[in-house]
There are 2 protein chains.
Amino acid sequence: MNRKQLVKILRKNGYKATPQRLAIFELILSSKEHPTAEEIHNEVSKKFPSMSLSTVYQVLHLLQDLGQIMELKFRGQSSRFETNTTPHLNLICPGCGKIEDYNSNTIVKFWSKLENEFDFEALSQRIDGYRYCDVCKK
Amino acid sequence: MNRKQLVKILRKNGYKATPQRLAIFELILSSKEHPTAEEIHNEVSKKFPSMSLSTVYQVLHLLQDLGQIMELKFRGQSSRFETNTTPHLNLICPGCGKIEDYNSNTIVKFWSKLENEFDFEALSQRIDGYRYCDVCKK
DNA sequence: TTTTAACTAATAATCATTATTATCTAAAAA
DNA sequence: TTTTTAGATAATAATGATTATTAGTTAAAA
């Protein structure tokens, strides 16, 4: 997925390809971490100083509705967002909240097997494992 | 898992086995739906009229920390809770928010394979698929 | 039975998220 | 290119689920 593809998707669905939308999407796309709305706002504000936090939230909702990003909610934390929409594993530390992404063919194959077994077609999915990271293990 | 086992787990970890804790756990256990804190409060209040909503939240946190329940958070909704802590599939409708549990040996086997492949041991896990239910599909 | 650390209930406080609305702009049409 | 306007943004206020606080209560060990 890239900027041009997102422009297409937005227009196809009757939405404008505004610089704010593109900037927010590209920030999440290029982020190795899974940023929160506030972190996204801080970063994108560097290029667009007048960017409002409420715009960030609105854009995040739109991108979710279009299936381009995934929201991960956790207790006591702001939501985190990612653009990896293919089936993959999120390994999450209950201590520090860090999320690591793991992709593998095993997971992709498992997911289609599951869709087959239970006869559904997912718009999106979420596979989380919770375990303490090396730092928090101590 | 049953009442007696929970009493053991609580005491082993230095917590008191209070009637409130047992009632809340049993309510979630017996609930086919995935109740919210408020729904739990409403139900348990029938037996314990003085039960406070804040007690419900505190007990829910404790049970989570003990690995006995799982919290499922979604956008624009209160968290939902379940006692099924073995690897299973939650099929969730983005329209009405309904959650259906599906258990299968395929999933349990997949999960241990995954732990093996990525060398971790999960305290808990979450496998969600999002798709419109038959009612909301229209 | 007594003791006390732990727990509950009531209430207040928090803060991430959502709602509202005046202003602005992407992009289609002239 | 200019005009038009539906749709978008920015600023602010409002919401509400969750968390914090604390005085009074109780499970359970001694």
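Residue numbering restarts at 1 for every chain, and letters A, B, ... go by the order of the sequence lines. Only this structure's heavy atoms are used, side chains among them; waters, hydrogens and symmetry mates stay out.
For Ile40(B) and dT8(C), the CD1 to C1' distance is 17 Å, given to the nearest whole Å. The NZ-P distance, from Lys73(B) to dT18(D), rounds to 6 Å in whole Å. Computed from coordinates, the Leu53(A) CG to dA16(C) P distance equals 9 Å when rounded to whole Å. In this structure, NE2 of His41(A) is placed 8 Å from P of dA10(D), rounded to the nearest angstrom. Between the P atom of dC24(C) and the CZ atom of Phe48(A) lies a distance of 18 Å, rounded to the nearest Å. One can place CZ of Arg11(A) at 4 Å from P of dA27(C), the figure rounded to the nearest angstrom. Here dA16(C) presents its C1' atom at 13 Å from CZ of Arg80(A), a figure rounded to the nearest Å. Atom P of nucleotide dG7(D) and atom CZ of Arg21(A) are separated by 11 Å, given to the nearest angstrom.
We find that Arg80(A) and Glu33(A) are not joined by a salt bridge, their nearest charged nitrogen and carboxylate oxygen being 4.0 Å or further apart. In summary, Lys32(A) and Glu82(A) do not engage in a salt bridge, as defined by a charged side-chain N under 4.0 Å from a carboxylate O.
In terms of position on DNA chain D, the residue among Ser52(A) and His61(B) whose nearest nucleotide sits closer to the 5' end is Ser52(A). Comparing Tyr15(B) and Gly76(B) by the nucleotide of DNA chain C whose heavy atom lies nearest to each, the residue mapping closer to the 5' end is Tyr15(B). Between Pro19(A) and Pro19(B), the one whose closest nucleotide on DNA chain D sits nearer the 5' end is Pro19(A).
For Thr55(B), whose side chain is taken as the heavy atoms from C-beta onward, the closest listed nucleotide among dT17(C), dT19(D), dA9(C) is dA9(C). Side-chain atoms of Ala17(B) lie closest to dA28(D) of the nucleotides dA28(D), dT9(D), dT8(C). Across dA26(C), dA9(C), dA10(D), the shortest atom-to-atom separation from the side chain of Gln20(B) is found for dA9(C). Of all nucleotides listed (dA27(C), dT8(C), dT19(D)), dT8(C) comes nearest to the side chain of Val59(B). Side chain of Met51(B), nearest nucleotide from dT19(D), dT20(C), dA9(C): dA9(C). Listed nucleotides: dA16(C), dA8(D), dA19(C). Nearest to the side chain of Lys16(A): dA8(D).
For the pair His88(A) (side chain) and Ser104(A) (backbone), a donor-acceptor distance under 3.5 Å is absent.
A sub-4.0 Å separation between OP1 or OP2 of dT17(C) and a side-chain N or O of Tyr57(A) is present.
Across all strands, Ser78(A) comes closer than 4.0 Å only to sugar-phosphate atoms, never to a base (heavy-atom distances). Counting any heavy atom pair closer than 4.0 Å across all strands shown, Ser50(B) reaches sugar-phosphate atoms only and no base atom. Within 4.0 Å (heavy atoms only), Ser79(A) reaches sugar-phosphate atoms of the nucleic acid but no base atom.
Partner of Phe25(A) under the side chain to side chain contact (heavy atoms under 4.5 Å, CB included) criterion, chosen from Leu27(A), Ile28(A), Leu29(A): Leu29(A).
Checked by distance alone, Thr18(A) brings no side-chain donor or acceptor within 3.5 Å of a matching partner on the base of dA26(C).
With no hydrogens or angles considered, a side-chain donor-acceptor pair links Thr106(A) and Glu117(B) at under 3.5 Å. Side-chain atoms of Ser79(B) and Glu71(B) include a donor-acceptor pair closer than 3.5 Å.
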